[in-house]
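One structure below.
What's counted below: heavy atoms across the whole structure, side chains too, no hydrogens, waters or symmetry copies. Quick caveat, the model's predicted, so the values are computed rather than measured.
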Amino acid sequence: MSTPETSGTAGEQHVPERRQVTVRRAPKYVPFLVLGGLLGFAVAAFLAYGLPGDESYDAGAVFGFFMILCGAGGVIVGGVAALILDRLSVRRARRAVVESVPDSVPDPEDQPGA
């Protein structure tokens with residue numbers, strides 16, 4: 001009786017698979033949103049504590065009000081900046097051809113009886 005050959009044995013030729021892929025550098029959105037929010041908070045702090053204001057309002061209350069407005073605006077501006085950079089990265093995308101490379105050492109899970 002002969003034993004059937006399994007994949008990865010010496011008698012089998014591996015034909016590499018070729019694919020065409022698109023390579024681009026896309027921005028991560030979360031850091032842009034967080035940075036926009038932090039810049040909005042900084043602008044709110046400057047508006048509340050850096051500029052002279054009405055003495056009848058507490059500076060903490062003014063900061064809280066502007067923090068909501070400027071923080072939301074900063075998140076929106078950060079999101080728009082990320083979208084613009086994403087669109088630019090689509091235009092600068094390049095095509096590449098990749099091919100699979102066989103493992104030089106088979107994984108232990110692939111071995112029969114392991």
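Transitive grouping of hydrophobic side chains (ILVMFWY, heavy atoms separated by less than 4.5 Å) brings Phe32 and Leu88 into a common cluster. There is a path of hydrophobic side-chain contacts, each under 4.5 Å, that joins Tyr49 to Leu38. Connection of Phe65 to Phe46 is established within a shared hydrophobic cluster, with ILVMFWY side chains joined at heavy-atom distances below 4.5 Å, either directly or through further cluster members. The hydrophobic clustering, which links ILVMFWY residues whose side-chain heavy atoms are closer than 4.5 Å, places Leu51 and Leu69 together. Both Phe66 and Tyr57 belong to a single network of hydrophobic side chains, linked directly or stepwise wherever heavy atoms of I, L, V, M, F, W or Y lie under 4.5 Å apart.
Applying the under-4.5 Å side-chain rule to Ile, Leu, Val, Met, Phe, Trp and Tyr, the cluster around Leu33 extends to Val75.
Here the closest non-hydrogen pair linking Cys70 and Gly40 is CB-O, 3.1 Å. Of all non-hydrogen atoms in Ala82 and Tyr29, the two that sit nearest each other are CB-CD2, 3.5 Å.
The side chain to side chain contact (heavy atoms under 4.5 Å, CB included) search around Ser56 returns Asp54, not counting sequence neighbours. Scanning for side chain to side chain contact (heavy atoms under 4.5 Å, CB included) contacts around Ala48 gives Val62, Phe63, with sequence neighbours left out.
In summary, the side chains of Arg95 and Thr22 do present a donor paired with an acceptor at a separation below 3.5 Å, with no hydrogens or angles considered.
By the 6.0 Å contact criterion, CD on Glu99 is enclosed, its count of non-hydrogen atoms from other residues, nucleotides or ligands being greater than 12.
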Could you please spell out the steps behind the side chain to side chain contact (heavy atoms under 4.5 Å, CB included) verdict for Arg24 and Asp86?
CA-CA 9 Å; Arg24 69 183 181 108; Asp86 188 39; 2.8 Å; yes

